[in-house]
Colleague: 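Structure provided below as structure tokens; questions to follow.
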Amino acid sequence: MKLLKLSILFLVLNFGALAIGSWLMASGPQTEWYANLNKAPWTPPGWVFGAAWTTIMICFSIYMAALYSKRSTTKVVLLFTVQFVLNIIWNFIFFNQHLIGLGLFTIVLLTTIVLIFLVDYKETLGLKSFLILPYFVWLCIATSLNMYILIHN
């Protein structure tokens, strides 16, 4: 029962972060600014982003619930909080303010935080560690997209 309650809590927090991030980016991907950027050839179609983030946040919520139920340490809370903030502000930095370089820096930090989760807690969570892999892989792709835009615009 504790794991279910924690999963619901993290689902609310993670989808809340996505909602805040979406609000902060305003029309983001639909703007003329974004449409006119030279984007990477491997940029997925728009619908993939919604499907990917939904899957990622479900997996990450279960991962965090499992981790927090075993290790509710200050480090876990701090890593989650930093991840939460970075995930939200990237949208504002990149889509709203058009600060591509700062966006790249932000997403690299976010990817690093997720990698720390993956590496530092793989023994604690065992096979449940695979639940954070979609997040890490997606951030690697997103980082490459951000870097391409920085280099080619």
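Since this is a predicted model, take the numbers as computed values, not measurements.
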Colleague: If you define the side chain from C-beta out and look only at heavy atoms, does anything of Leu13 sit under 4.5 Å from Phe10?
Modeller: yes
Colleague: Return each pair, listed once, that meets salt bridge (charged side-chain N to carboxylate O under 4.0 Å, His left out) where at least one residue sits in residues 13-35; pairs must be two or more places apart or across chains.
Modeller: none
Colleague: By salt bridge (Lys or Arg N to Asp or Glu O under 4.0 Å), which residues pair with Lys75, not counting sequence neighbours?
Modeller: Asp120
Colleague: Hydrophobic clusters here meaning ILVMFWY residues chained together by side-chain heavy-atom distances under 4.5 Å, can you tell me if Trp23 and Val12 are in one?
Modeller: no
Colleague: To the nearest 0.5 angstrom, please state how far the CG atom of Leu11 sits from the CE atom of Met64.
Modeller: 12.0 Å
Colleague: Looking at every heavy atom in both Trp33 and Phe94, which two are closest together, and how far apart are they?
Modeller: CH2-O, 3.4 Å
Colleague: Hey, is the main chain of Val76 close enough, under 3.5 Å, to the side chain of Thr73 for a donor-acceptor pair?
Modeller: yes
Colleague: Checking side-chain polar atoms at under 3.5 Å, does Asn14 have a donor or acceptor matched by the opposite partner on Tyr135?
Modeller: no
Colleague: In this structure, is the centre-to-centre distance between the rings of Tyr34 and Phe95 below 6.0 Å?
Modeller: yes
Colleague: How close do Met57 and Ser61 get, heavy atom to heavy atom, and via which atoms?
Modeller: O-OG, 2.7 Å
Colleague: Would you say the side-chain atoms of Trp42 and Ser144 include a donor-acceptor pair closer than 3.5 Å?
Modeller: yes
Colleague: Do you know which two heavy atoms are closest between Asn87 and Leu110, and how far apart they sit?
Modeller: CA-CD2, 3.9 Å
Colleague: If every non-hydrogen atom of Ile149 is compared with every non-hydrogen atom of Lys39, which pair is closest and at what distance?
Modeller: CD1-CG, 4.2 Å
Colleague: Are Phe130 and Leu139 grouped together when hydrophobic residues (ILVMFWY) are joined by side-chain heavy atoms under 4.5 angstrom apart?
Modeller: yes
Colleague: Cluster question for you: counting only ILVMFWY and a side-chain heavy-atom cut-off of under 4.5 Å, with indirect links fine, are Tyr68 and Leu4 together?
Modeller: no
Colleague: Which atoms form the tightest heavy-atom contact between Phe15 and Thr54, and what is the distance?
Modeller: CZ-O, 3.8 Å
Colleague: Between Phe80 and Ile113, does the side chain to side chain contact (heavy atoms under 4.5 Å, CB included) criterion hold? Intermediate values first, please.
Modeller: CA-CA 8 Å; Phe80 178 80; Ile113 295 295; over 6 Å; no
Colleague: Taking all non-hydrogen atoms of both residues, which atom of Cys59 and which atom of Pro134 are closest, and how far apart?
Modeller: SG-CG, 4.3 Å
Colleague: Report the residues that fulfil side-chain contact (heavy atoms from CB on, under 4.5 Å) with Thr106, sequence neighbours left out, ordered by chain and then residue number.
Modeller: Leu86, Ile89, Trp90, Ile93, Leu102
Colleague: Is there side-chain contact between Val82 and Leu78, with heavy atoms separated by less than 4.5 Å?
Modeller: yes
Colleague: Would you mind reporting whether Phe84 and Ile88 have side-chain heavy atoms less than 4.5 Å apart?
Modeller: yes
Colleague: Let me check something: do Ile141 and Phe105 share a hydrophobic cluster, defined by ILVMFWY side-chain heavy atoms less than 4.5 Å apart, either directly or through other members?
Modeller: yes
Colleague: Can any side-chain N or O of Asn91 pair as donor or acceptor with the backbone N or O of Ser22 at less than 3.5 Å?
Modeller: no
Colleague: Give a yes or no on whether Tyr121 and Leu3 share a hydrophobic cluster (residues Ile, Leu, Val, Met, Phe, Trp, Tyr; joining criterion: side-chain heavy atoms under 4.5 Å apart).
Modeller: no
Colleague: Between Trp138 and Phe49, is the gap from one ring center to the other below 6.0 Å?
Modeller: yes
Colleague: Is there side-chain contact between Phe92 and Gln97, with heavy atoms separated by less than 4.5 Å?
Modeller: yes
Colleague: Taking the side chain as every heavy atom from C-beta outward, state whether Tyr63 and Phe117 have any atom pair closer than 4.5 Å.
Modeller: yes
Colleague: Hey, does the side chain of Ser72 reach the backbone of Ser69 with a donor-acceptor pair shorter than 3.5 angstrom?
Modeller: no
